[in-house]
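The structure displayed is predicted, hence computed values, not measured ones.
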Amino acid sequence: MMAQRLVCRDCHRVLDVDDGEQCPACGSNSLTEDWAGYVVITHPEKSEIATEMEIDEPGRYALKVR
(Lines give C-alpha, C1' and ligand atoms only; values in the text may rest on other atoms or scores of the structure.)
Protein backbone atom coordinates (compact mmCIF):
# COMPACT_ATOMS: atom_id res chain seq x y z
CA MET A 1 0.00 0.00 0.00
CA MET A 2 1.24 3.46 -0.91
CA ALA A 3 2.12 5.87 1.91
CA GLN A 4 -0.10 8.93 2.28
CA ARG A 5 1.46 12.05 0.83
CA LEU A 6 0.75 15.71 1.34
CA VAL A 7 1.51 18.58 -1.01
CA CYS A 8 2.51 22.11 -0.16
CA ARG A 9 -0.02 24.54 -1.64
CA ASP A 10 2.68 27.21 -2.03
CA CYS A 11 5.58 25.43 -3.76
CA HIS A 12 3.74 22.21 -4.87
CA ARG A 13 6.40 19.94 -3.38
CA VAL A 14 5.17 16.40 -2.66
CA LEU A 15 5.90 15.47 0.96
CA ASP A 16 5.69 12.23 2.88
CA VAL A 17 3.53 12.35 6.02
CA ASP A 18 6.72 11.89 8.08
CA ASP A 19 7.87 15.39 7.05
CA GLY A 20 5.57 16.91 9.68
CA GLU A 21 3.15 19.77 9.36
CA GLN A 22 5.48 22.21 7.66
CA CYS A 23 7.04 22.14 4.20
CA PRO A 24 10.81 21.66 4.57
CA ALA A 25 11.39 23.43 1.24
CA CYS A 26 9.53 26.72 1.73
CA GLY A 27 8.39 26.61 5.38
CA SER A 28 4.68 26.89 4.57
CA ASN A 29 2.06 25.30 6.84
CA SER A 30 -0.49 25.13 4.02
CA LEU A 31 -0.47 21.42 3.14
CA THR A 32 -3.19 19.42 1.40
CA GLU A 33 -4.13 15.86 0.48
CA ASP A 34 -6.13 17.13 -2.52
CA TRP A 35 -3.75 16.98 -5.46
CA ALA A 36 -3.26 15.09 -8.73
CA GLY A 37 -0.23 13.89 -10.70
CA TYR A 38 3.37 14.62 -10.03
CA VAL A 39 6.64 15.15 -11.81
CA VAL A 40 10.16 14.38 -10.59
CA ILE A 41 12.64 17.13 -11.39
CA THR A 42 16.28 16.04 -11.20
CA HIS A 43 18.04 18.85 -13.09
CA PRO A 44 15.85 21.96 -12.88
CA GLU A 45 18.40 24.11 -14.71
CA LYS A 46 18.03 21.88 -17.81
CA SER A 47 14.27 21.22 -17.58
CA GLU A 48 11.63 23.05 -19.61
CA ILE A 49 8.96 21.75 -17.24
CA ALA A 50 10.85 23.13 -14.23
CA THR A 51 11.16 26.48 -15.99
CA GLU A 52 7.42 26.53 -16.77
CA MET A 53 6.55 25.58 -13.16
CA GLU A 54 9.15 28.05 -11.77
CA ILE A 55 11.02 25.26 -9.93
CA ASP A 56 14.69 25.75 -9.11
CA GLU A 57 15.35 22.80 -6.75
CA PRO A 58 15.30 19.05 -7.52
CA GLY A 59 12.41 17.08 -6.04
CA ARG A 60 8.88 15.70 -6.52
CA TYR A 61 6.22 18.27 -7.43
CA ALA A 62 2.45 18.02 -7.85
CA LEU A 63 0.99 19.08 -11.18
CA LYS A 64 -2.44 20.07 -9.82
CA VAL A 65 -3.08 21.25 -6.26
CA ARG A 66 -6.57 22.11 -4.98
Side-chain angles (χ1 to χ4, degrees):
M1 190 161 134
M2 195 173 187
Q4 180 184 13
R5 293 188 178 137
L6 297 173
V7 169
C8 176
R9 284 190 176 107
D10 294 335
C11 71
H12 289 209
R13 188 172 293 244
V14 177
L15 310 170
D16 292 319
V17 174
D18 307 0
D19 290 334
E21 301 203 12
Q22 186 174 22
C23 176
C26 71
S28 173
N29 291 328
S30 182
L31 306 178
T32 182
E33 295 176 355
D34 195 7
W35 59 279
Y38 73 92
V39 62
V40 177
I41 303 292
T42 56
H43 299 286
E45 66 281 355
K46 298 178 182 179
S47 170
E48 290 181 29
I49 294 172
T51 301
E52 185 70 28
M53 292 179 69
E54 299 178 5
I55 294 170
D56 57 3
E57 291 190 32
R60 298 175 297 167
Y61 295 88
L63 297 174
K64 186 173 185 179
V65 179
R66 294 178 210 100

Within one Ile-Leu-Val-Met-Phe-Trp-Tyr cluster: V65 and V14, side-chain cutoff 4.5 Å: yes

Closest non-hydrogen atom pair, C11 against C26: SG-SG, 3.9 Å

Closest heavy-atom pair and its distance - G59, R13: CA-NH1, 4.1 Å

Nearest non-hydrogen partners of T32 and D34, listed with the distance: OG1-N, 2.9 Å

Heavy-atom pair of closest approach, residues D10 and S28: OD2-OG, 2.6 Å

ILVMFWY network linking L63 to V7, side-chain heavy atoms under 4.5 angstrom: no

Side chain to side chain, P58 and I41, heavy atoms closer than 4.5 Å: no

W35 to R5 - nearest heavy-atom pair and separation: NE1-O, 3.4 Å

E45 atom CD, neighbour heavy-atom count above 12 within 6.0 Å: yes

Side chains of E21 and L6 in contact at under 4.5 Å (non-hydrogen atoms): no

Sidechain-backbone polar pair: Q22 side chain, G27 backbone, donor-acceptor under 3.5 Å: yes

Sole candidate of V39, D16, L15 that passes side chain to side chain contact (heavy atoms under 4.5 Å, CB included) when paired with R60: D16

